[in-house]
Amino acid sequence: MNRYDEISSRLNSLKKDMGASTLIAVSKYHTIEDITFAHQAGQLDFGESRVQDLLNKAEHFSAENITDLSWHFIGRLQSNKINMLAKVPLLKFIHSIDSLKLLDALLKREDNFHQVEKIGVFLQINTSGEEEKGGIRSIEDLRTGIELLNSSNSKVFTLAGLMTIGRIRTNNFEEDARFSFNELRELRNQLEIPELDLSMGMSRDFKIAIEYGSSYVRVGSAIFA
Ligand SMILES: *Cc1c(COP(=O)(O)O)cnc(C)c1O
């Protein structure tokens, strides 16, 4: 099978499982050629986890006048990269605002962002308790973050929802994924903001995430590896 056929058949079989969830093709570590194949196969949402890579790739497609793409930043964001992120054409979502400090830094730099549409922000929640992983850890901090975003009356950013990553090092990823995804859904219930989207699920656990009502699944290796 050639590379185009490989990517397009993987995308087609993934799409059958999506239900109401939107598939984000995580193209990190993969080439512009692979992204082009996925786009030719009809994929429009792409995720990247490094700001510089995202900028390079988004600028490439922008220069080609390809304007039907949506870019999702899904990686750990350092404050000193916010101004670079601001330059990304067709940046639609930031999935990984993992602290109140980072949210504050982002809001303070909103004047650098000139995208036509508002950028949806997901607050990343640490549902697995892993120390090394980023993420907001309490509902009090989450409420503070939502209040910060809402009261900023930002012209650039809008609250899109909540994001989480299932436990990474685990002997039972299915059980741990269920725990994390259920936690995220419960948090939304506790907040009583049903319109919040949930960004959860990766290659190995996206089917479970969809069972728990994921709005966006972030799938990389199952498409591009
Ligand atoms: C890399 C990455 C993904 C995709 O992971 P795969 O296992 O390749 O599907 C999803 N979400 C985040 C935050 C990532 O960094």
Side-chain angles (χ1 to χ4, degrees), residues 3 6-7 9-18 21-31 34-35 37-38 41 43-58 70-78 81 85 88 91-99 102-103 106 119-137 160-174 176-181 183-184 197-225:
R3 186 66 173 154
E6 183 171 61
I7 288 173
S9 77
R10 286 170 176 178
L11 282 169
N12 286 333
S13 83
L14 282 164
K15 272 178 217 150
K16 293 195 188 99
D17 291 324
M18 280 303 120
S21 186
T22 298
L23 173 66
I24 301 170
V26 176
S27 49
K28 66 179 186 204
Y29 315 137
H30 296 283
T31 60
D34 273 0
I35 301 172
F37 288 152
Q43 179 64 27
L44 299 178
D45 287 275
F46 291 90
E48 286 283 332
S49 61
R50 290 190 188 158
V51 179
Q52 182 72 64
D53 292 347
L54 171 56
L55 181 61
N56 293 347
K57 289 170 175 174
S70 294
W71 291 102
H72 299 247
F73 182 74
I74 64 167
R76 192 164 254 191
L77 180 60
Q78 291 164 291
K81 298 281 169 64
L85 187 64
V88 173
L91 177 68
K92 297 285 171 63
F93 291 97
I94 303 171
H95 288 251
S96 40
I97 297 301
D98 62 3
S99 70
L102 179 61
L103 179 62
L106 184 72
I119 297 168
V121 169
F122 286 86
L123 299 176
Q124 181 176 346
I125 312 297
N126 185 323
T127 53
S128 67
E130 288 162 294
E131 276 305 321
E132 75 278 18
K133 208 149 79 186
I136 293 165
R137 284 161 195 269
L162 310 178
M163 179 275 216
T164 200
I165 303 174
R167 182 174 279 271
I168 295 163
R169 283 189 308 281
T170 166
N171 296 318
N172 189 342
F173 83 88
E174 173 160 359
D176 286 324
R178 286 187 189 281
F179 179 85
S180 280
F181 301 158
E183 285 282 301
L184 201 68
D197 280 330
L198 302 180
S199 168
M200 56 191 195
M202 313 182 9
S203 290
R204 70 176 178 181
D205 55 19
F206 73 88
K207 284 187 188 163
I208 302 170
I210 290 168
E211 269 182 58
Y212 286 80
S214 179
S215 326
Y216 291 93
V217 295
R218 310 175 307 266
V219 176
S221 43
I223 301 168
F224 295 111

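Indexing begins at 1, ligand by ligand and atom by atom, following the structure's order. Keep in mind that this is a model prediction, so the values were computed, not measured.
With D205 contributing its side chain and A209 its backbone, the two residues share no donor-acceptor pair below 3.5 Å.
Of the protein's heavy atoms, S203 OG, 2.5 Å lies nearest to atom 9 (O) of ligand 1. Of the protein's non-hydrogen atoms, the one nearest atom 12 (C) of ligand 1 is I74 CD1, 3.5 Å. The shortest contact between atom 5 (O) of ligand 1 and any protein heavy atom is with M202 CE, 3.5 Å. Atom 11 (N) of ligand 1 has R218 NE, 2.9 Å as its closest protein atom, hydrogens excluded (heavy atom only). Of the protein's non-hydrogen atoms, the one nearest atom 7 (O) of ligand 1 is S221 OG, 3.6 Å. Scanning the protein heavy atoms around atom 2 (C) of ligand 1, the nearest turns out to be K28 NZ, 2.6 Å.
The side-chain heavy atoms of R50 and K81, taken from C-beta on, include no pair separated by under 4.5 Å. You'll find the side chain of H72 reaches within 4.5 Å of the side chain of Y216, heavy atoms only.
Under 4.0 Å is where a charged nitrogen must lie from a carboxylate oxygen, and between K28 and D53 no such pair does. A salt bridge does not link K207 to E211: none of the charged side-chain nitrogens sits closer than 4.0 Å to a carboxylate oxygen.
For the 3.5 Å distance criterion, the side chains of T127 and T164 qualify, holding a donor opposite an acceptor.
Within ligand 1, the atoms closer than 4.0 Å to a non-hydrogen atom of V219 are 9 (O), numbered from 1 in the order shown. In summary, the atoms of ligand 1 found under 4.0 Å from a heavy atom of G220, numbered by their order in the structure, are 4 (C), 6 (P), 8 (O), 9 (O).
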